[in-house]
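Worth saying up front: this structure is predicted, and the values here are computed from it rather than measured. Atom set for the values below is all heavy atoms of this structure, side chains included, hydrogens, waters and symmetry mates excluded. Lettering follows sequence order; numbering is per chain, from 1.
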Protein chains: 2
Amino acid sequence: MKLSKAEEEVMNHLWHLKKATAKELIEAYEDPKPAITTIATLLKRMQDKKFVDYLQKGRSREYFPLVKKQEYFSKHVNGLIKNFFNDSASQFASFFTQETNLSKKELQELKAIIDSEIKKK
Amino acid sequence: MKLSKAEEEVMNHLWHLKKATAKELIEAYEDPKPAITTIATLLKRMQDKKFVDYLQKGRSREYFPLVKKQEYFSKHVNGLIKNFFNDSASQFASFFTQETNLSKKELQELKAIIDSEIKKK
DNA sequence: TTTAATATTCTACAAATGTAGAATTAATTT
DNA sequence: AAATTAATTCTACATTTGTAGAATATTAAA
């Protein structure tokens with residue numbers, strides 16, 4: 001199961017805030033902010049899909065993520081890789097490295113990360 | 001503008017084949033293959049969106065991509081990065097490196113690519 | 001407690017998507 | 001030429017998505 005675009009945006013705010021009410025989520029949006037009922041609808045759908053749950057706090061609900069960004073995202077990336085790069089992560093990686101505009105500094109950082117990953121193997 | 005999931009799949013086959021008729025595209029699918037009318041619908045929608053065009057070849061049409069995979073994909077990735085990593089490609093990169101299961105060999109290749117990218121800067 | 005404010009749910013609806021049968025057109029074979 | 005086959009277009013329809021007003025319930029303020 002996957003979140004829709006609009007749901008992903010909610011989720012993203014929620015990951016960031018860790019937990020939040022509908023109202024707080026709206027605040028996280030840029031203008032033009034969506035109607036609160038829109039957020040409510042999305043949250044309900046997300047709950048159906050088991051991506052969030054909530055705790056009743058006073059009169060309102062405090063939603064929280066049921067999946068970690070990492071988890072969600074790694075699945076997402078894997079789908080992407082499968083879809084576009086015939087399941088070759090390294091093909092994707094090299095593409096990525098060449099196409100995104102990483103600065104020299106960022107590339108060096110990335111290299112360091114890769115080095116430490118290599119050491120782990 | 002973006003392609004839908006199903007359209008992306010057609011596009012992917014098309015990038016691979018370079019050019020193809022609806023029929024040839026279907027062959028590229030795994031079972032259960034979609035109906036040819038489904039492919040036709042998708043191709044027409046993709047044409048409306050200016051992602052493909054065709055040349056009439058005898059009785060049928062030979063479709064070809066109007067956008068390069070690279071182009072399409074780099075936009076796509078950038079959207080993804082923006083969406084999930086607050087526009088930080090390096091954040092995405094390090095995530096990616098740690099989350100996907102690249103082998104030692106692949107990591108070393110990646111490192112080499114990064115090195116050559118660093119040199120270019 | 002009447003009223004006002006707030007939160008949540010219902011209902012709605014247009015647009016996009018996935019999917020494909022029916023109809024039509026064009027070419028090929030009898 | 002008539003019948004068959006193949007390609008393309010039309011039409012259709014169920015789902016999913018984005019969006020939010022109307023209705024309802026709950027709580028706080030007057």
Separation of [X] atom [atom1] from [N] atom [atom2], in whole Å?
X: A/Met1; N: D/dT15; atom1: CE; atom2: P; answer: 14 Å
X: A/Leu42; N: D/dT16; atom1: CG; atom2: P; answer: 15 Å
X: B/Leu3; N: C/dT17; atom1: CG; atom2: P; answer: 9 Å
X: B/Ile39; N: D/dA7; atom1: CD1; atom2: C1'; answer: 14 Å
X: B/Leu43; N: C/dG18; atom1: CG; atom2: C1'; answer: 14 Å
X: B/Met46; N: C/dT17; atom1: CE; atom2: C1'; answer: 14 Å

Please classify the nucleic acid contact of [X] as base, sugar-phosphate, or nothing, using heavy-atom distances under 4.0 Å.
X: B/Lys49; result: sugar-phosphate
X: B/Thr38; result: base
X: B/Lys57; result: nothing

Measure across [X] and [Y] and return the closest heavy-atom pair with its distance rounded to 0.1 Å.
X: A/Ile36; Y: A/Ile26; value: CA-CD1, 3.4 Å
X: B/Arg61; Y: B/Tyr63; value: NH1-OH, 3.4 Å
X: B/Ala20; Y: B/Leu14; value: N-CD1, 3.7 Å
X: B/Pro65; Y: B/Met11; value: CB-CE, 3.8 Å

Worksheet, complete the sentence: Separation between NZ (B/Lys69) and CZ (B/Phe73), nearest 0.5 Å, reads 8.0 Å
Discussion item. With a 3.5 Å distance limit and no angle check, can you tell me whether B/Lys33 reaches the backbone of B/Glu27 through a side-chain donor-acceptor pair?
Written reply: yes
Worksheet item: Any sub-3.5 Å donor-acceptor pair from B/Trp15's side-chain atoms to B/Val67's backbone N or O?
Response: yes
Return the polar atom pairs (N/O with N/O) between nucleotides 1-4 of chain D and the protein under 3.5 Å, or none.
none

Worksheet item: Between A/Tyr29 and A/Glu9, is any side-chain donor less than 3.5 angstrom from a side-chain acceptor?
Response: no
Practice prompt. Begin from the C-alpha positions of A/Leu3 and A/Tyr72 and carry the test side-chain contact (heavy atoms from CB on, under 4.5 Å) through to its verdict.
Written response: CA-CA 10 Å; A/Leu3 297 171; A/Tyr72 180 79; 3.6 Å; yes
Worksheet, complete the sentence: As a check of understanding: the bend across the helix from C/dT1-D/dA30 to C/dT30-D/dA1, end axes from five pairs, rounded to 10 degrees, works out to 20°
Worksheet entry | Side-chain heavy-atom pair A/Val10, A/Val52 within 4.5 angstrom cut-off | no
Discussion item. Could you check whether any side-chain heavy atom of B/Gln108 comes within less than 4.5 Å of a side-chain heavy atom of A/Ile114, counting everything from C-beta outward?
Written reply: no
Item to complete: Please list all pairs passing the side chain to side chain donor-acceptor pair (under 3.5 Å) test where one or both residues lie in residues 34-50 of chain A, with sequence neighbours left out.
Response: A/Glu7-A/Lys49
Worksheet item: Can a salt bridge be assigned to the pair A/Glu24 and A/Lys19 using a cut-off of 4.0 Å between side-chain N and carboxylate O?
Response: no
Worksheet, complete the sentence: Residues pairing under salt bridge (charged side-chain N to carboxylate O under 4.0 Å, His left out) where one sits in residues 108-118 of chain A, two or more places apart or in two chains, turn out to be A/Lys105-A/Glu109, A/Lys111-B/Asp115, A/Asp115-B/Lys111, A/Glu117-A/Lys120
Worksheet, complete the sentence: Residues of residues 24-34 of chain A with a heavy atom under 4.0 Å from any atom of DNA chain C, listed by number, are none
Response to the item:
5' to 3', nucleotides 1-15 of chain C under a 4.0 Å protein heavy-atom cut-off (B base, S sugar-phosphate only, - none) gives ------SSB------
